[in-house]
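One-based numbering, in listed order, for ligands and for the atoms of each.
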Amino acid sequence: MAIKPRWADAEAIQEAAQLLRQGRLVAFPTETVYGLGADASNAEAVAGIFAAKSRPADHPLIVHLADAAMMPGWAEEIPDMAWQLAERFWPGPLAMVLRKKASVPLAVTGGQDTVALRVPNHLVALQLLRAFGGGLAAPSANRFCRISPTQAAHVAEELGDAVAMILDGGACQVGVESTIVDLSGPQPRLLRPGQISVAALEAVLRQPLVLPEAVASEIRAPGMMAVHYAPQTVALLCPVEQLQARAQTLLADGQRLGVLAYAQTLPAHPHLQVLAMPATADGYAQALYASLRELDGWQLDRILVEQPPQTEAWRAVNDRLGKATLAVA
Ligand code: TXA
Ligand code: MG
């Protein structure tokens with residue numbers, strides 16, 4: 001039976017910690033998105049995460065810790081860079097990939113010899129981690145390939161029948177998943193962009209980050225692209241100058257259309273639902289998943305997403321949009 005979110009007061013947090021100690025799954029808020037947590041030292045509990053999400057077992061999980069001082073319990077050969085980044089950005093939306101300790105279950109790391117660690121910046125997450133005492137493996141609390149949840153109600157929709165408890169700590173402030181930096185190799189590498197920018201990381205590292213390929217150069221043909229955060233309605237990423245014409249064509253064709261608008265307004269139409277997005281990158285990121293989820297709930301034929309600026313500040317937003325949409329040819 002689907003369970004309802006429970007407001008994360010002190011009593012609920014203690015109960016949640018107890019459930020986690022028993023190897024059960026608890027969804028909890030972080031500053032980025034809601035996580036689906038399990039005891040990271042318990043391989044069986046971790047297996048429950050993969051089952052609940054229908055996630056392939058070779059996708060590694062991030063281990064959440066209450067404090068940077070817990071890093072040596074999970075990682076080996078921790079470089080100075082990791083301590084410096086932790087000092088500057090933790091608690092916060094940054095995950096670091098380090099060489100794992102032998103004791104870390106391979107179920108957590110997808111069989112790899114590295115482990116991703118993060119100290120989240122959310123009071124409920126930190127209180128839960130402290131009450132629990134250990135590390136919590138926690139992917140985003142959505143089913144595999146669906147949009148990450150940024151509110152407790154989204155978790156209930158996605159996973160309400162698969163978790164022991166959903167802690168409600170309100171809407172997530174950052175709204176997109178953490179920045180991930182790989183520090184396990186010879187050079188620091190950006191694996192996933194997030195709110196913490198490349199420039200902010202490089203300022204602490206005092207060396208350039210190796211960046212993933214630019215979004216624009218990825219192959220974006222349907223079926224070949226890395227669809228990852230997709231709504232169920234087909235969503236198209238549309239250049240600003242084509243938005244009006246595309247919308248008119250689809251509406252004239254009798255389609256029910258949703259538009260995630262960045263700057264433009266469109267003439268009203270009975271088959272058109274427009275959501276105006278915030279103008280700043282941080283505001284847009286915070287609203288993104290809830291907005292896609294809302295449009296998805298309206299049983300539309302198509303979603304058009306107006307391309308926001310393609311500048312460094314928008315890297316994380318553009319990365320997620322690239323994964324949630326098809327590019328208009
Ligand atoms: O903001 C976040 O990081 C959220 C909240 C809940 O903390 N969590 C999250 O988890 O986004 P998930 O499982 O949806 O994404 C984890 C990402 C995956 O892309 C995975 O490939 C990468 O982290 N990852 C985890 N361990 C890794 C490792 N050892 N090496 C490389 N990538 C790793
Ligand atoms: Mg995820």
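A salt bridge does not link Asp319 with Arg192: none of the charged nitrogens is closer than 4.0 Å to a carboxylate oxygen. Salt-bridge annotation for Asp161 and Arg143: present, with a side-chain N of the basic residue lying under 4.0 Å from a carboxylate O of the acidic one. Salt bridge present: Arg293 and Glu158 bring a charged side-chain N and a carboxylate O closer than 4.0 Å. Arg118 has a carboxylate O that lies under 4.0 Å from a charged side-chain N of Glu31, or vice versa, which qualifies the two as a salt bridge.
Using a 4.0 Å cut-off to heavy atoms of Ser140, the atoms of ligand 1 that qualify are 8 (N), 9 (C), 10 (O), 12 (P), 14 (O). Atom numbering of ligand 1 starts at 1 in the shown order; those under 4.0 Å from a heavy atom of His64 are 5 (C), 6 (C), 7 (O). If you number the atoms of ligand 1 from 1 as listed, the ones under 4.0 Å from a heavy atom of Leu61 come out as 25 (C), 26 (N). Counting atoms of ligand 1 from 1 in the listed order, those under 4.0 Å from a heavy atom of Gly35 are 6 (C). The Ser178 neighbourhood of ligand 1 comprises atoms 1 (O), 2 (C), 3 (O), with distances under 4.0 Å to a heavy atom of that residue. Residue contact check: Ala138 has heavy atoms under 4.0 Å from atoms 6 (C), 8 (N), 10 (O) of ligand 1.
Among the backbone and side-chain atoms of Asn142, no N/O/S atom is found under 2.8 Å from the Mg ion (ligand 2).
Contact between Lys100 and ligand 1 is absent, with no heavy atom of the residue lying under 4.0 Å from the ligand. By the 4.0 Å heavy-atom criterion, Thr109 is excluded from the residues contacting ligand 1. Distances shorter than 4.0 angstrom do not occur between any heavy atom of Ala95 and any atom of ligand 1.
Side-chain N/O atoms of Asp39 and Ser41 include a donor and acceptor closer than 3.5 Å. Counted by atom type alone, Asp168 and Gln151 present zero donor-acceptor pairs between their side chains at under 3.5 Å. In this model, no donor atom of one side chain and acceptor atom of the other lie less than 3.5 Å apart for Glu44 and Asn42.
With sequence neighbours excluded, the residues forming a ring pair (Phe, Tyr, Trp, His ring centres under 6.0 Å) with Tyr284 are Trp314, listed by chain and number. Residues passing the side chain to side chain contact (heavy atoms under 4.5 Å, CB included) test with Gln187, sequence neighbours excluded: Val210.
Residue Glu87 qualifies as open at atom CD: its count of foreign heavy atoms under 6.0 Å is 12 or below.
Ring-centre distance between His59 and Phe50: not below the 6.0 Å cut-off.
For ligand 1, none of its N or O atoms has an N or O atom of Glu177 under 3.5 Å away. Geometrically, ligand 1 and Arg118 share a nitrogen or oxygen pair separated by less than 3.5 Å. Below 3.5 Å of separation, one finds an N or O of Thr32 facing an N or O of ligand 1. Backbone and side-chain nitrogen or oxygen atoms of Lys53 are examined, and none is located within less than 3.5 angstrom of a nitrogen or oxygen of ligand 1.
When Thr114, Leu36, Thr179, Val174 are checked for heavy-atom proximity to atom 29 (N) of ligand 1, Thr114 turns out nearest. Around atom 31 (C) of ligand 1, the closest heavy atom drawn from Ile180, Val63, Asn142, Leu191 belongs to Leu191. Evaluated by nearest non-hydrogen atom to atom 19 (O) of ligand 1, the leading choice among Gln195, Arg192, Gln112 is Arg192. Here the shortest heavy-atom distance to atom 25 (C) of ligand 1, taken over Ala27, Pro60, Cys172, belongs to Pro60.
Under 4.0 angstrom from ligand 1, the non-hydrogen atoms of Pro139 come from both its backbone and its side chain. With a 4.0 Å cut-off on non-hydrogen atoms, Arg55 touches ligand 1 through its side chain and not its backbone.
Under a hydrophobic clustering in which Ile, Leu, Val, Met, Phe, Trp and Tyr are joined whenever their side-chain heavy atoms come within less than 4.5 Å, directly or via other members, Leu209 and Ile180 fall into different clusters.
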